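Scroll down for the structure; my scribbles are underneath it.
Since we're looking at a predicted model, the values are computed, not measured.
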Amino acid sequence: MDIISPCPRYSSRGQNCPALPAGQSMDYSMSSPLGASEPLCKHTVPFPTPCATWTAGQPVTVTFAPGGAPHGGGHCEFSLSYDGGSTFVVVYQILGTCFGAGQGVRQYTFGLPAGLPSSDKVVFAWTWVNAIGNREFYMNCADVAIKGGSAPYTGKQMTIANHSGYPTIPEFSGNSNTGAQYYNNATTITVSGNGGSGGGQYGDNTPVAHTPAPPASYTS
């Protein structure tokens, strides 16, 4: 499964994609899970320009490629990073039933929080822990601009599981509460328009190869 809008970094089938950064190549395996040794977002050099401009407090639509293998659904989060991909704050979450009860949903529309700060260097992330199959962590990232305010925003930190150094959520077909404690107990973080919590300011085409250690609050 992979998103096509907003255009994820280097996607071969994304919609309204900016030009590739110099020296980078198209990715034809966007629907694959994040490899154990790969950093968050997989591709750490951002597009030179945003692929979409969103407004705080307004609805946005995220579209997935048709078809795909939804692996029984699972847990999905939609998050934003203001520090180049080091930390992500969750703006929308679906626990247990990602892609719908029949696993045929390929588009989600949700409202952005009204309190998001402005920045033209925001990383949007879709992440997914599949319900059935190999224990995997999927992640696509897109570069977007946000029109918002100047105050910081506080919310839950993006949950990572089934990735190197993080908790493993077992298969959970028929029990959507499996692994939900990691999402419900996620650390609260604060992000700001000039760089997020604990991260430096996101500069032009600055690669951030970040595979963080699990936060201390990850408890089973």
Side-chain angles (χ1 to χ4, degrees), residues 1-15 27-43 59-81 88-111 123-142 155-187 211-212 214-215 217-220:
M1 305 299 293
D2 59 310
I3 63 173
I4 55 175
S5 180
C7 176
R9 289 177 180 172
Y10 313 173
S11 173
S12 63
R13 54 182 176 176
Q15 299 175 353
D27 188 338
Y28 295 92
S29 60
M30 296 296 296
S31 61
S32 298
L34 199 64
S37 61
E38 289 181 324
L40 298 184
C41 288
K42 183 179 179 180
H43 301 294
V60 297
T61 297
V62 176
T63 303
F64 293 83
H71 295 300
H75 305 317
C76 283
E77 288 187 319
F78 302 83
S79 309
L80 298 173
S81 173
F88 288 85
V89 64
V90 177
V91 293
Y92 189 65
Q93 183 184 77
I94 305 163
L95 296 184
T97 58
C98 195
F99 308 117
Q103 301 173 45
V105 175
R106 294 297 180 270
Q107 188 174 83
Y108 284 102
T109 298
F110 54 89
V123 184
F124 167 77
W126 162 72
T127 53
W128 171 43
V129 170
N130 52 307
I132 298 173
N134 295 333
R135 308 322 301 140
E136 297 167 330
F137 183 69
Y138 294 77
M139 185 175 192
N140 289 168
C141 291
K156 285 189 175 182
Q157 187 169 12
M158 182 185 78
T159 295
I160 304 171
N162 300 346
H163 188 54
S164 181
Y166 284 85
T168 297
I169 296 176
E171 290 187 275
F172 56 96
S173 177
N175 183 4
S176 61
N177 289 323
T178 302
Q181 71 272 20
Y182 297 116
Y183 296 84
N184 294 331
N185 298 330
T187 301
T211 304
S217 61
Y218 267 36
T219 57
S220 60

Is the closest side-chain heavy-atom distance between [X] and [Y] below 4.5 Å?
X      : Y      : result
Val91  : Val60  : no
Thr159 : Glu77  : yes
Asn140 : Met30  : yes
Lys156 : Val89  : no
Leu95  : Ser176 : no
Ser81  : Phe88  : yes
Ile4   : Phe64  : no

With rounding to the nearest 0.5 angstrom, report the [atom1] to [atom2] distance, [X] to [Y].
X      : Y      : atom1 : atom2 : value
Asn162 : Tyr182 : CG    : OH    : 9.5 Å
Gln15  : Ser5   : CD    : OG    : 5.0 Å
Ser31  : Met1   : OG    : CE    : 9.0 Å
Phe137 : Thr168 : CZ    : OG1   : 12.5 Å

Exercise. For the rings on Phe172 and His75, is their centre-to-centre separation under 6.0 Å?
Worked result: yes
Exercise. Is Asp27 salt-bridged to Lys42, cutoff N-O under 4.0 Å?
Worked result: yes
Least distance between heavy atoms, [X] atom then [Y] atom:
X      : Y      : value
Trp126 : Asp2   : CZ3-CA, 4.1 Å
Leu34  : Pro39  : CD1-O, 3.5 Å
Ile94  : Cys98  : CG2-N, 3.7 Å
Val105 : Gly100 : CG2-CA, 3.8 Å
Glu171 : Gly133 : OE2-N, 2.7 Å
Ala125 : Met139 : CB-CE, 3.8 Å

For this session: Look at the rings of Phe99 and Trp128 and say which category their plane angle falls in: under 30° parallel, 30 to 60° tilted, over 60° perpendicular.
Result: perpendicular
Exercise. How are the rings of Phe110 and Tyr92 set relative to one another: parallel (under 30°), tilted (30 to 60°) or perpendicular (over 60°)?
Worked result: parallel
For this session: Starting from the C-alpha separation in whole Å, work towards a yes-or-no answer on side-chain contact (heavy atoms from CB on, under 4.5 Å) for Tyr108 and Ile3.
Result: CA-CA 11 Å; Tyr108 284 102; Ile3 63 173; over 6 Å; no
Exercise. Can you pull the side-chain hydrogen bond (donor to acceptor under 3.5 Å, both in side chains) pairs that have at least one residue in residues 61-70, sequence neighbours excluded?
Worked result: Thr61-Thr109, Thr63-Gln107
Exercise. Which pairs, with at least one residue in residues 129-139 and sequence neighbours excluded, count as a side-chain hydrogen bond (donor to acceptor under 3.5 Å, both in side chains)?
Worked result: Glu136-Tyr138
Exercise. Does the pair Thr127 and Ile160 meet the rule for a side-chain contact (heavy atoms from CB on, under 4.5 Å), with working shown?
Worked result: CA-CA 8 Å; Thr127 53; Ile160 304 171; over 6 Å; no
For this session: Please check if the side chain of Ser11 supplies one atom and the backbone of Arg13 the other of a donor-acceptor pair under 3.5 Å.
Result: yes
For this session: Go through the steps for Cys41 and Val123 under the test side-chain contact (heavy atoms from CB on, under 4.5 Å), then give the verdict.
Result: CA-CA 9 Å; Cys41 288; Val123 184; 3.9 Å; yes
